[in-house]
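Basis for what follows: all heavy atoms, side chains included, without hydrogens, waters or symmetry-related copies. Residue numbers start from 1 in every chain, and the chains themselves are labelled A, B, ... in the order their sequence lines are given, proteins ahead of strands.
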There are 2 protein chains.
Amino acid sequence: MDVDTRLLRYFQAVAEEGNLTKAAARLYISQPALTKQIRRLEYQLGAGLFERSKAGMALTGPGAALAESIGPVLDAWGRAERAVRAAEAASSKVLRVGFLASAANEKTQAITAAFRERRPDWRVELRQASWGAPIAALASGEVAAAFMRLPFPDQDAFHLLELLTEPRCVAMAANHPLARRDALVFADLLDEPFIAAPAATGAFRDHWIGAESRGGHPVKVGAVTEHPDDWLTAIANGDGIALAPASAARYYARPDIVYRDLDGIAPSTVALAWPKATQPTPALADFITTASEMADRRLPHARRSAVCGSEVI
Amino acid sequence: MDVDTRLLRYFQAVAEEGNLTKAAARLYISQPALTKQIRRLEYQLGAGLFERSKAGMALTGPGAALAESIGPVLDAWGRAERAVRAAEAASSKVLRVGFLASAANEKTQAITAAFRERRPDWRVELRQASWGAPIAALASGEVAAAFMRLPFPDQDAFHLLELLTEPRCVAMAANHPLARRDALVFADLLDEPFIAAPAATGAFRDHWIGAESRGGHPVKVGAVTEHPDDWLTAIANGDGIALAPASAARYYARPDIVYRDLDGIAPSTVALAWPKATQPTPALADFITTASEMADRRLPHARRSAVCGSEVI
DNA sequence: CACATCCATAACCGGAGGTTATCGAAACAG
DNA sequence: CTGTTTCGATAACCTCCGGTTATGGATGTG
């Protein structure tokens, strides 16, 4: 019998959530669609996979058997996909590098330039992505490596090379009351609504709402955004404020948004990430070496107070 | 990215055949459909998988990478499918046993009866299949075991328990000229057209056109059939003659078909087959034990001349 | 030069996979 | 006891995917 890996992912989601509705939400499809797919899978396999009840969906014997053996299938396909993409990149001499919207900056420039010098016959392709996407692109081998802000979900599955660390500041609408002050401490922001990343991004989202510095103080979420564009718009719109790396003040300067120095919050680190699952290709290895030569050895604390204020723009 | 295992099988077929048209034929789909699918796969993976030429399709670098890593994916899914089917069978206490059309007979009866006695709470489900299908059903775990005639394709992937061996005779239309003779030798049939199994059944097909006793003499194929019904119809219709196990004279007796003893051809063996890939379940193990207790120890050569003639019916 | 072979393209059709809207049954809060 | 919420199932609908047949264009081959 044939299956689509999509169907397997669907099943896995339902098995893990124990609940059709939640699983459907996680998969970004409607609940009826998922109902139909799961029933079809059951029909095709000739086995009841779930015990339906008001409480949700519980695995049956055959269901548990499938849940156990599904991992290897998806893993095998993941490896196959990465192998193809790596072979393709090698034969066309392209190194594809993803970057999380806000993680690219002067370092990226410098690294790619140095790599070009080392491998003149190769091309570097930079691919921007939304907050959540780079991990997917990394996992599927669509990009060989990615510039990421730490932490990010499923981080343990990747090798990390830390490149730079910079303080975080706060971004807000130009007409925000707090904008009148030159420097703030994080405690000032505890009750402000924040512009957040989607819940699916887990630790990444938490980091950028300052969860680790709130001491349990709940966060008000003013809006959820996927891309830098929406993010900037939401801030300018006054939907809420947001933490941002200091360099954002330069890279995302807008008249209706101001950036203010912030104390009482940990800095942000940019790292180059690449999958542990497969051996790096020679070209990627070169890129990593190049990157490690350009990495900061120590945090640039000295520049701290100068980078973030609006006067820098 | 998601794929259907069907697409992977398609790719595999093309890679092995090196030729779209042949691969399409082997997959029982039209050539344009296959063209479309392969192109789609290439598009989705963002890589050229084949080098097209007049001579056919040759694998590129990425194509070779995919070809290598596809096996594990299909294997993993095969294991998953078998695991589910086995769990389902266990929880509903059903032992599903396939049988190649002509391989069922008194032995089958006796074995299932004895098994029922050993496991009264279990049910045995017998599933008849066309010449080629039982292997597929076995491989996918749709049936836990199958009664087969040896040889059959991919036989090495299965454990075999030989149950009985019986001479082969010849079946032909009642009005066939050779039907007037009581006993024949295979050499008499060399120029007769034969009713054959599909080419895909490989060694099985060869065995039943007597390839091993022809000494290179080419075979005329009068018709190709999938099921016993078509087979009988084709014989009665005079499209050709066919080799048949002696017991066919009893199990497939019809007024318009006669069976004649045949010399100069090897006998046929019925065996119980089950996959090597997975550990037999306890119930299957019991079934195998039961079967081995009922297996013939020696060929029943003594009965040879009595079983085949039409007078037995 | 005619022909066979092999892949690509075009036009068409049914069904699979998704959507929104709605329902019925249980669990739960007041 | 009742109103509300939270499950999954069902219905009606639309789009596009995966197949079909028919045909074309390029390249070897007798």
Seminar exercise, completed: By side chain to side chain contact (heavy atoms under 4.5 Å, CB included), B:Q155 pairs with (sequence neighbours left out) B:L150, B:P151, B:F152, B:L160
Problem set entry | Interatomic distance, B:L34 atom CG to B:L7 atom CG [nearest 0.5 angstrom] | 9.5 Å
Sequence neighbours left out, cut at 3.5 Å: what donor-acceptor pairs do the side chains of residues 190-200 of chain A make with other protein atoms?
residue: A:D191; atom: OD1; partner: A:H217; partner atom: NE2; Å: 2.9
residue: A:E192; atom: OE1; partner: A:H176; partner atom: NE2; Å: 3.0

Problem set entry | Qualifying residues under ring pair (Phe, Tyr, Trp, His ring centres under 6.0 Å), relative to B:W274, sequence neighbours excluded | B:H159
Problem set entry | Sidechain-backbone polar pair: B:N237 side chain, B:D239 backbone, donor-acceptor under 3.5 Å | no
Exercise. Taking only residues two or more places apart in sequence or in another chain, which ones pass side chain to side chain contact (heavy atoms under 4.5 Å, CB included) with B:A33?
Worked result: B:I29, B:S30
For this session: Sequence neighbours left out, what passes ring pair (Phe, Tyr, Trp, His ring centres under 6.0 Å) with B:Y10? Give chain and number order.
Result: none
Seminar exercise, completed: Expected list for residues 2-21 of chain B near DNA chain D, using heavy atoms below 4.0 Å, is B:R6, B:Y10
Exercise. Side chain to side chain contact (heavy atoms under 4.5 Å, CB included) with A:S91: which residues, sequence neighbours excluded?
Worked result: B:P62
For this session: Could I get the full list of side chain to side chain contact (heavy atoms under 4.5 Å, CB included) partners for B:T5, not counting sequence neighbours?
Result: A:D2, A:V3, B:L74, B:W77
Anything under 3.5 Å between a protein N or O and an N or O of nucleotides 25-30 of chain D, put it in a table, one pair a line.
none

Side chains of residues 229-236 of chain B: which donor-acceptor pairs under 3.5 Å do they make with residues two or more places apart or in other chains?
residue: B:T233; atom: OG1; partner: B:D229; partner atom: O; Å: 2.8

Problem set entry | For DNA chain D, the residues among residues 22-43 of chain A that have a non-hydrogen atom under 4.0 Å from it | A:K22, A:Q31, A:P32, A:T35, A:R39
Exercise. Which distance, rounded to the nearest 0.5 Å, do you find between the CG of A:L66 and the CZ of A:F11?
Worked result: 4.0 Å
For this session: Mind checking the CD-CD spacing from A:E142 to A:E81? Nearest 0.5 Å is all I need.
Result: 7.5 Å
For this session: With a 4.0 angstrom cut-off to heavy atoms of chain A, pull out the first and last contacting nucleotide of DNA chain C, in 5'-to-3' order.
Result: C:dG17 to C:dA26
